Amino acid sequence: MNIKTRCNDIYEMLNKHYPDARCGLEFHNLYQLLVSTVLSAQATDKKVNEVTPVLFKTFPDFKSLSEADVASIEEIIKPLGFFHQKAKNLKSLSTEIQKKFNGIVPKKMESLITLSGVGRKTANIVLGTGYGIISGIVVDTHVKRLTRRFGLTRHEDAEKIETDLMQLLDKDRWIDWSHLLINHGRKVCNARKPDCTNCIIESLCMKIDI
DNA sequence: ATCCCGAGGG
DNA sequence: CCCTCTGGAT
């Protein structure tokens, strides 16, 4: 079976199994989406959702966050880890958006990745989930682990993995792929002990490094 | 001891 | 390319 056919079969199976796969972060506007996505680095979305209600009530927009005391941001986001950097990035990013982008979250990849604490992964989520603009594939730790195990890429570097996946997967499914892989990665194909006997796509997986 | 919807600096 | 930043759950 050629690799694109295999990708298509994997997609169909996962899509049938996780019909309601979506972004796990809770947000109500672009400000909240960008902030919670930055916070989600090396943290579970569940933990992010536990601190953001207080964070957004205390700092409801970019202006208030840009004027915030870094220590007060740190106090709220501390349970997420990397809190010194994340707090500093959130304050800087809020200032940058006001001064360079008139208070509006940019719609271009080149602009987004100039913001403090924003890389391709975060930018892809904001563009796709926030604006409906598909500019790439979200490669987080789950996407990386699963696509490597499936045998869809042999790279370790997130950008190289993204390039490989962009050749293989249909563009109109890029967002869904990320959510499906994240769901499957959490429930079955987890990092420590993948549950291959209960995996619906075991026959389609190359089981690299398992 | 390992992992979580990474990014930035060297 | 490598390293560091970080707390909480498992």
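Computed from heavy atoms alone, side chains included, the values below leave out hydrogens, waters and symmetry copies. Since the model is a prediction, treat every value here as computed from it, not as a measurement. Just so it is clear: chains get the letters A, B, ... in the order the sequence lines come, proteins before strands, and each one is counted from 1.
Considering only the side chain of Phe82(A), dG6(B) comes nearest among dA9(C), dC4(B), dG6(B). Candidate nucleotides dG7(C), dC5(B), dG8(C) were compared by shortest atom distance to the side chain of Lys47(A), and dG8(C) ranks first. Proximity note for Lys121(A) (side chain, C-beta onward) versus dT6(C), dC1(C), dG6(B): the nearest is dG6(B).
The shortest distance between the side-chain N/O atoms of Thr122(A) and the OP1/OP2 oxygens of dA7(B) is below 4.0 Å. Close to dC3(B), at under 4.0 Å from its OP1 or OP2, lies no side-chain N or O of Lys46(A). Between His142(A) and the phosphate of dC5(B), there is a side-chain N or O to OP1/OP2 separation shorter than 4.0 Å. The shortest distance between the side-chain N/O atoms of Arg120(A) and the OP1/OP2 oxygens of dA7(B) is not below 4.0 Å. Put simply, Thr141(A) has no side-chain N or O that comes within less than 4.0 Å of OP1 or OP2 on dC5(B). For dC3(B), neither phosphate oxygen OP1 nor OP2 lies less than 4.0 angstrom from any side-chain nitrogen or oxygen of Arg145(A).
No engagement by Thr37(A) is indicated, since no non-hydrogen atom pair under 4.0 Å with the nucleic acid exists. Within 4.0 Å of Gly24(A), counting heavy atoms only, lies at least one base atom of the nucleic acid. Looking at heavy-atom distances under 4.0 Å, Leu25(A) makes no contact with the nucleic acid at all. Within the nucleic acid shown, Lys86(A) has no heavy atom closer than 4.0 Å to any nucleic acid atom. In this structure, Leu115(A) reaches the sugar-phosphate backbone alone: every heavy-atom distance under 4.0 Å involves primed, P, OP1 or OP2 atoms, never a base.
Taking atom P on both dA7(B) and dA9(C), the two are 24 Å apart, rounded to the nearest angstrom. With both ends at atom P, the span from dC3(C) to dC5(B) equals 24 Å, rounded to whole Å. Atom P of dG8(B) sits at a distance of 24 Å from the matching atom of dG8(C), rounded to the whole Å. Comparing dC4(B) with dC5(C), their C1' atoms are spaced 14 Å from each other, to the whole Å.
When rounded to the nearest whole Å, the span between CG of Asp140(A) and P of dA7(B) equals 10 Å. In this structure, Phe83(A) atom CZ and dA7(B) atom C1' are separated by 17 Å, rounded to whole Å. Remark: P of dG7(C) and CD of Glu50(A) are 17 Å apart, rounded to the nearest angstrom. When the C1' atom of dG9(B) is taken as reference, atom NZ of Lys88(A) falls 11 Å away, rounded to whole Å.
Between Cys23(A) and Val118(A), the residue anchored closer to the 5' end of DNA chain B is Cys23(A), taking for each the nucleotide with the nearest heavy atom. Between Thr114(A) and Asp45(A), the residue whose closest nucleotide on DNA chain B is further toward the 5' end is Asp45(A). If you find the closest nucleotide of DNA chain C to Arg192(A) and to Ala43(A), the one lying nearer the 5' end belongs to Ala43(A).
Checking each of Asn8(A), Asn2(A), Asp9(A) against Thr5(A) for a side chain to side chain donor-acceptor pair (under 3.5 Å) leaves exactly one that passes, namely Asn2(A).
With a 4.5 Å cut-off on side-chain heavy atoms, Phe62(A) and Leu93(A) count as touching. Residues Cys199(A) and His184(A) have side chains in contact (heavy-atom distance under 4.5 Å, counting atoms from C-beta outward).
By the 4.0 Å N-to-carboxylate-O rule, Glu156(A) lies close enough to Lys144(A) to be salt-bridged with it. Classification of Glu74(A) and Lys91(A) as a salt-bridged pair fails, no side-chain N sitting under 4.0 Å from a carboxylate O.
Close placement of the Tyr31(A) and Phe56(A) rings is indicated, their centers lying within 6.0 Å of each other.
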